[in-house]
Amino acid sequence: VKRIELPKSIRILHRDYLVQYFPEDGDHGCDGICEFRIGRISIVTTLSNDLIFETLIHEIGHAVNYAADIDDPSTEEEQVHRTTPIWMQVWRDNPELLNLLQRYCEGKL
Ligand SMILES: [Zn+2]
């Protein structure tokens with residue numbers, strides 16, 4: 001099975017989150033986990049590539065919310081759940097935007 005090679009870590013504000021795959025968790029029904037206190041994002045190995053990426057962005061969304069101190073469990077989960085697929089679409093359908101962002105990050109604008 002050829003999986004997407006994920007970044008080893010992702011920086012969100014001053015925090016570095018280790019990124020790793022983990023085996024499917026039976027009936028737990030959880031595709032990803034974001035552990036703020038130890039700085040780790042875990043993604044289930046058996047997902048499709050699309051879902052791996054969506055889950056990664058979803059978990060990053062939780063980490064961003066954590067950094068912003070948005071921590072109401074019900075509304076925070078719902079906010080991340082609803083906005084992640086839209087972000088996926090924005091990135092997928094707008095390569096020029098991604099390219100612009102990359103050039104910005106590289107200090108080339
Ligand atoms: Zn979630």
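Starting from 1, each residue takes its place in the sequence as its number. In listed order, ligands and their atoms are each counted from 1. Predicted model, so just to flag it, every value in this text is computed and none were measured.
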### Task
Not counting sequence neighbours, list each pair that qualifies as a salt bridge (charged side-chain N to carboxylate O under 4.0 Å, His left out) and has a residue in residues 53-64.
none
### Task
Report yes if some heavy atom in the side chain of Ile10 is under 4.5 Å from a heavy atom in the side chain of Asp16; otherwise report no.
no
### Task
Evaluate the ring planes of Phe36 and Tyr66, with Trp represented by its six-membered ring, and classify them as parallel (under 30°), tilted (30 to 60°) or perpendicular (over 60°).
parallel
### Task
Looking only at non-hydrogen atoms, find the nearest pair between Arg103 and Leu109 and report the distance.
NH2-CD2, 3.6 Å
## Note on the structure
Under 2.8 Å from the Zn ion (ligand 1), the protein N, O or S atoms found are His58 NE2, His62 NE2, Glu77 OE1, Glu77 OE2
### Message
Under 6.0 Å from the ring centre and within 45 degrees of the ring axis: does the NZ or CZ of Arg3 meet both conditions for the six-membered ring of Tyr21?
### Response
yes
### Query
Hey, does the side chain of Asn94 reach the backbone of Val90 with a donor-acceptor pair shorter than 3.5 angstrom?
yes
